[in-house]
Amino acid sequence: MGKMRWVSMLLATVMLLITACNVNMGEEEKPQPTDTKPGTKTEAKAGIQKVVFWHAMGGANTKVVDQLVANFNESQDKVQVEAVYQGNYDDLLSKLKASMGTNDGPSVVQMYEIGSRFMIDSKMIKPMQDFIDADKWDVSQLEPNISGYYTFDNKLYSMPFNTSNPILYYNKDLFKDAGLDPENPPKTFEELKAAADTISKKGKAVGANFAIYGWFMEQLFANQGAEYVNNGNGRDGLATESLVNTEAGVKVLTWWKDLIDTKAANNLGRKTDDSKKAFSAGQVAMILDSTAVLKGLVDSSTGKFEVGTAVLPKPADAKDGGVIVGGASLWMMNNRPDEEQKAAWEFIKFLTSPSEQAYWHINTGYFPITTKAYEEESVKENLKKFPQFQTAIDQLHQTKLNKATQGAVMGVFPEARQIVEGAIEEVLNNKKSPQQALDDAAKEITSKIQDYNRTVK
């Protein structure tokens, strides 16, 4: 079977599996995609190598990406990068698939973390490690708990770009009003339940709200040191079975349902925006959300209450664990000429520099991927302004990197998230027990994993 025919079959199969997915990683505003057809390029000046960069950074983040690109273009006169916003992550993935097998695609593409297995299996990318080795580029300058997610078989396949993890946000004023210590937020499931009970009974607000978001379930597995799929979380070999119905998952859903049943928490559905709005309005005291929304939450609460941040909670008896990085990374397409790939590599290296990472972090709330960025004065000043972000930094650095915290990989991850979200809804709406809902979800995800795996063997 020819390579293009094989790729086409693979793409068609995977498209059917993940069409319904809509991932929200904290970007609140979603402008319309640039009115540019996939692959449309402006002409570069004679003697200048053109690089096309497709991304999914919407809202205010579009301007930040454009500024990074402008900084690079102004820093030298040999390469011109054009950034093209292609909609949200799923829109971007669809357009990328449509471009594969043609000459109309990008040089570099941003892809969300759960698309990593697909990107590798597509055979249409060139591992970042190839450029790293050729250039003798020092990988140790990257945050190991960030680069670890995108490392497979000891190769860094893509360069981390926008990186976040989830933390607990809480209303310090509501804590004070309920007689709780606002400087001692809950760290365990049990402590969070007690605090939420106390606040809810006070009557001024609901204790907690967690959006029904599959990313949170994945994180709460990792925070217990538990793997989400078999075969070393899909890193020792292709995952063949979902582990979402194991003890870690049942613990999470039993705790979550108890919060709802006792009115210590409420259920506002799947949209993280609804959870954030309720928090900003002072209607709920605690929410889970990405570090990428920290500045927005602090700004929206100014003059109303003080926002506190705490680590992601876990059961008191949980094993060592930590958080998995969320967000996206940059992938090099292998169907572009060598000179174009080399030029794109120069752009990627530029983005990892401490000064550019400092600018990115300060203006978006995403983590710097380069450790030396924290030495930049601008980052130090930003931490003084937003001390809440120290929680996220400490949580990232204190995470012990293992198969659980490195993160699961599977070719049908976007749809797996949707299935898990459906299972959570069934439990919270009293349609199934935690065990039954997760058993059914695991069975369905496992079937889809195995269908996918047959297309890549």
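When all heavy atoms of Ala318 and Asn223 are compared, the pair lying nearest together is CB-O, 4.3 Å. Across all their heavy atoms, Lys372 and Pro354 have their closest contact at CB-CG, 3.8 Å. The two atoms that bring Asn233 and Lys403 nearest to each other are ND2-O, 2.8 Å, heavy atoms only. Smallest separation of non-hydrogen atoms from Val229 and Ala408: CG2-CB, 3.9 Å. Looking at every heavy atom in both residues, Trp256 comes nearest to Ile212 through CH2-CA, 4.2 Å. Nearest approach of Asn402 to Asp320, heavy atoms of both residues: ND2-O, 4.5 Å.
Among Val108, Val109, Val84, the single residue meeting the side-chain contact (heavy atoms from CB on, under 4.5 Å) criterion with Phe53 is Val108.
The existence of a salt bridge linking Asp197 and Lys193 is confirmed by a sub-4.0 Å separation between a basic side-chain nitrogen and an acidic carboxylate oxygen. In this structure, Asp440 does not pair ionically with Lys443, as no charged nitrogen and carboxylate oxygen lie closer than 4.0 Å. The pair Asp439-Lys432 does not meet the salt-bridge criterion, since no charged nitrogen lies less than 4.0 angstrom from a carboxylate oxygen.
The distance from the OG1 atom of Thr309 to the OH atom of Tyr169 is 7.5 Å, given to the nearest 0.5 Å. Note that the CG atom of Leu438 and the CD1 atom of Ile424 stand 8.0 Å from one another [nearest 0.5 Å]. The line from CG of Asp317 to CZ of Phe189 is 10.0 Å long, rounded to the nearest 0.5 Å. Expressed to the nearest 0.5 Å, how far CG of Leu142 lies from OG1 of Thr352 amounts to 6.5 Å. Atoms NZ and NZ, on Lys314 and Lys251 in that order, are 11.0 Å from each other to the nearest 0.5 Å. Between the CH2 atom of Trp255 and the CZ atom of Phe210 there is a distance of 4.0 Å, given to the nearest 0.5 Å.
Other residues, nucleotides and ligands place more than 12 heavy atoms under 6.0 Å from the NZ atom of Lys304. The 12-atom threshold is exceeded at NZ of Lys172, counting heavy atoms of other residues, nucleotides or ligands nearer than 6.0 Å. No more than 12 heavy atoms of other residues, nucleotides or ligands sit less than 6.0 Å from atom NZ of Lys155. Counting heavy atoms of neighbouring residues, nucleotides and ligands inside a 6.0 Å radius, atom NZ of Lys187 exceeds 12 of them. Surrounding CG of Asp138 are more than 12 heavy atoms belonging to other residues, nucleotides or ligands, all under 6.0 Å away. Around the CD atom of Glu247, the shell of radius 6.0 Å holds no more than 12 heavy atoms that belong to other residues, nucleotides or ligands.
Taking the six-membered ring where the residue is Trp, Tyr213 and Phe216 present perpendicular rings, their angle passing 60° and hence far from 30°. Ring orientation note: the planes of Trp331 and Tyr157 are tilted relative to one another, at an angle of 30° to 60°.
Looking at Thr302 and Asp299, their side chains never bring a donor and an acceptor atom within 3.5 Å of each other. Remark: the Thr272 side chain and the Asp289 side chain contain no N/O donor-acceptor pair separated by less than 3.5 Å. Donor-acceptor pairing under 3.5 Å is lacking for the side chains of Asn363 and Gln67. Checked by atom type, the side-chain pair Asp121/Tyr452 shows a donor-acceptor distance below 3.5 Å. Looking only at atom types and distance, the side chain of Asp394 has a donor-acceptor partner in the side chain of Gln390 under 3.5 Å away.
Residues passing the side chain to side chain donor-acceptor pair (under 3.5 Å) test with Asn382: none are found, sequence neighbours excluded. Scanning for side chain to side chain donor-acceptor pair (under 3.5 Å) contacts around Asn165 gives Gln395, with sequence neighbours left out. Here Ser280 pairs with Ser300 under the side chain to side chain donor-acceptor pair (under 3.5 Å) rule; sequence neighbours left out. With sequence neighbours excluded, the residues satisfying ring-ring contact (aromatic ring centres under 6.0 Å, His included) with Trp137 are Trp345.
Annotation: His361 is not in aromatic contact with Phe367 [ring centroid separation under 6.0 Å not met].
Applying the side-chain hydrogen bond (donor to acceptor under 3.5 Å, both in side chains) rule to pairs touching residues 141-152 yields Glu143-His397, sequence neighbours excluded. A ring-ring contact (aromatic ring centres under 6.0 Å, His included) check over residues 301-320, counting only residues at least two apart or in different chains, returns the pairs Phe279-Phe305.
Although no hydrogens or angles enter the test, the distance criterion places a donor-acceptor pair under 3.5 Å between the side chain of Gln224 and the main chain of Ala248.
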